[in-house]
Amino acid sequence: MIFLELLKKYEIILASQSPRRQILLKEAGIDYTLAPKIDVDESFSKKLKKEQIPLFLSELKADAYESNLTHKNQILITADTIVWQKKNMLGKPKSKKDAVEILKQLSDNKHYVYTGVTLTSLKKKISFFSKSTVFFDKIRKDEINYYIEKYKPFDKAGAYGIQEWIGYIGIKKIKGSFYNVMGLPIHQLYVELKNFIGYKDN
C-alpha cells in the first residue's frame, strides 16, 4: 500500500497559519485539517542558538495544541523557522525600515535557515530540524525597496520569501532543502511521518 493511502487512516492536524506550509503539505498529497489559531507566547532563552530555537518553539506550540488531541489516530504537526546570520537570529521585520536593514544585511552574504518540526500524537512526540545555507548575490537598494513595496514580507523570517521575486533574482545558490527555506522541509517530514506511524518501505 502506498504510504499516502495508509496516511488517510490518520487525521493530520497542521497548527500553522503559514500559507507556505499549507501549500507544501497539500502539494505533497498529505490531507490535513487546520487547527484553530491559538496565541502562544513564543519567548525563549537567549542561551538558545541556531536549531535549538525553532526546535524549542515547535515543541512549545505542540504543548499548546496537544490538549486538543482526542483520539489515537490524530497526528499534530507544529513548526517554526528562523534565519540565522553571524551569531544572531533575524526575525520577522517590525517595519519597512527594519525589512530594509535585514535585506541589506543578507545582501552579498550567506545565512542559514533552520526549521524545527514536532509531530505529536496521544502516544508520543518527536522533533527534528532541517538546516539550509542560502547565498545571496548583491542586491541594490532600489531592488530591496521594490521587493518590500510589492511583496510586503512582514510575516517572513529574514524579511524575504525564497519563492518570491527576490528569490529569483537575488539567490545564487542553496545548500540543503529549498522547501525548508520556504518554511517546511517537506521531504524530511514525509520520511519522519513514515517512521512515526511505523510504515515500512517494501
Side-chain angles (χ1 to χ4, degrees), residues 3 14 16 18-30 42 44 46-59 61 77-93 98-119 126-141 143-144 146-148 150-151 153-196 201:
F3 175 62
L14 176 64
S16 174
S18 164
R20 277 83 58 191
R21 293 188 184 124
Q22 294 169 25
I23 289 169
L24 288 173
L25 272 185
K26 181 181 178 182
E27 292 300 315
I30 299 172
E42 297 187 14
F44 58 88
K46 291 183 179 180
K47 294 179 181 179
L48 297 180
K49 307 294 181 185
K50 300 180 179 179
E51 74 276 3
Q52 296 173 335
I53 298 171
L55 281 172
F56 173 81
L57 292 174
S58 70
E59 290 172 0
K61 293 173 184 177
I77 300 174
T78 51
D80 196 87
T81 300
I82 69 157
V83 171
W84 185 267
Q85 187 186 54
K86 296 179 180 178
K87 300 182 181 180
N88 290 301
M89 187 185 88
L90 302 179
K92 297 174 184 177
D98 193 24
V100 169
E101 290 304 313
I102 290 172
L103 289 172
K104 282 169 63 177
Q105 189 172 326
L106 297 181
S107 173
D108 200 23
N109 216 326
K110 72 176 179 180
H111 64 273
Y112 306 95
V113 177
Y114 293 93
T115 300
V117 182
T118 301
L119 302 178
I126 66 108
S127 296
F128 60 92
F129 77 92
S130 178
K131 172 187 175 183
S132 301
T133 309
V134 182
F135 298 80
F136 259 104
D137 203 347
K138 187 172 181 60
I139 310 169
R140 291 164 48 102
K141 187 175 180 180
E143 292 170 331
I144 289 174
Y146 168 81
Y147 172 69
I148 293 169
K150 185 173 178 62
Y151 291 90
F154 303 109
D155 65 334
K156 297 176 178 69
Y160 78 94
I162 193 171
Q163 73 282 4
E164 295 175 342
W165 179 80
I166 202 163
Y168 296 142
I169 64 98
I171 292 176
K172 294 190 289 187
K173 65 177 180 178
I174 302 167
K175 289 183 179 177
S177 167
F178 172 90
Y179 299 109
N180 176 53
V181 186
M182 278 184 68
L184 195 65
I186 193 67
H187 166 261
Q188 193 174 353
L189 173 60
Y190 190 78
V191 172
E192 293 290 348
L193 277 169
K194 286 182 177 181
N195 294 334
F196 195 78
D201 288 310

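Not measured: the values here are computed from a predicted model.
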Seminar exercise, completed: Sorted by chain and number, sequence neighbours left out, ring-ring contact (aromatic ring centres under 6.0 Å, His included) with Tyr179 holds for none
Problem set entry | With Phe44 via side chain to side chain contact (heavy atoms under 4.5 Å, CB included) - residues at least two apart | Leu48, Ile53, Phe56, Leu57, Met89
Problem set entry | Verdict with supporting geometry, Thr133 and Lys173, side chain to side chain contact (heavy atoms under 4.5 Å, CB included) | CA-CA 8 Å; Thr133 309; Lys173 65 177 180 178; over 6 Å; no
Exercise. Between Thr78 and Val117, is a side chain to side chain contact (heavy atoms under 4.5 Å, CB included) present by the stated rule, with each step listed?
Worked result: CA-CA 6 Å; Thr78 51; Val117 182; over 6 Å; no
Problem set entry | Note, Lys156 side chain near Tyr151 side chain (heavy atom, < 4.5 Å) | no
Problem set entry | Distance in Å, Ile171 CD1 paired with Ile162 CD1, rounded so as to fall on 0.5 Å steps | 4.0 Å
Exercise. Stepwise, does the side chain to side chain contact (heavy atoms under 4.5 Å, CB included) test hold for Asn109 with Lys86?
Worked result: CA-CA 10 Å; Asn109 216 326; Lys86 296 179 180 178; 3.4 Å; yes
Problem set entry | OG1 on Thr81 to NZ on Lys92, rounded to 0.5 Å | 9.0 Å
For this session: Sequence neighbours left out, what passes side chain to side chain contact (heavy atoms under 4.5 Å, CB included) with Asp137? Give chain and number order.
Result: Lys172
For this session: Quick one: pull up OG in Ser132 and CD1 in Ile174 and give me the separation to the nearest 0.5 Å.
Result: 7.0 Å
Problem set entry | Interatomic distance, Phe135 atom CZ to Leu106 atom CG [nearest 0.5 angstrom] | 13.0 Å
Exercise. Does Tyr168 offer a backbone N or O that forms a donor-acceptor pair with the side chain of Gln163 under 3.5 Å?
Worked result: no
For this session: Can you sort out the partners of Tyr147 under side-chain hydrogen bond (donor to acceptor under 3.5 Å, both in side chains), two or more places apart, ordered by chain and number?
Result: Glu164
Problem set entry | Considering all heavy atoms, the nearest Ala159-Pro153 contact | O-CG, 3.3 Å
Exercise. Rounded to the nearest 0.5 Å, how far apart are CZ of Arg140 and CD1 of Ile169?
Worked result: 10.5 Å
Seminar exercise, completed: Residues at least two apart in sequence or cross-chain that pass side-chain hydrogen bond (donor to acceptor under 3.5 Å, both in side chains) with Lys110, listed by chain then number, are Tyr112
For this session: Not counting sequence neighbours, which residues clear ring-ring contact (aromatic ring centres under 6.0 Å, His included) with Phe136? List them please.
Result: His111, Tyr160
For this session: Just jot down the ring-ring contact (aromatic ring centres under 6.0 Å, His included) partners of Phe154, sequence neighbours excluded, or say none.
Result: none
Problem set entry | Qualifying residues under salt bridge (Lys or Arg N to Asp or Glu O under 4.0 Å), relative to Asp155, sequence neighbours excluded | Arg20
For this session: Give every residue pair that meets the side-chain hydrogen bond (donor to acceptor under 3.5 Å, both in side chains) criterion with at least one member in residues 49-59, sequence neighbours excluded.
Result: Ser58-Thr118, Glu59-Ser127
Seminar exercise, completed: The reported gap from CD1 in Ile82 to CG in Leu90 (rounded to nearest 0.5 angstrom) is 9.0 Å
Problem set entry | Pairwise side-chain contact, Ile148 with Leu103, heavy-atom cut-off 4.5 Å (strictly under) | yes
Problem set entry | Test log, rule side chain to side chain contact (heavy atoms under 4.5 Å, CB included), inputs Val113 and Lys131 | CA-CA 6 Å; Val113 177; Lys131 172 187 175 183; over 6 Å; no
For a quick test of your reading: what N or O donor-acceptor pairs under 3.5 Å do the side chains of residues 183-194 make, sequence neighbours left out?
residue, atom, partner, partner atom, Å
Gln188, NE2, Phe129, O, 3.2
Lys194, NZ, Asp201, OD1, 3.1

For this session: With sequence neighbours excluded, tell me which residues meet side chain to side chain contact (heavy atoms under 4.5 Å, CB included) with Glu101.
Result: Lys104
Exercise. Sequence neighbours excluded, which residues qualify as side chain to side chain contact (heavy atoms under 4.5 Å, CB included) partners of Ser107?
Worked result: Lys138, Ile139
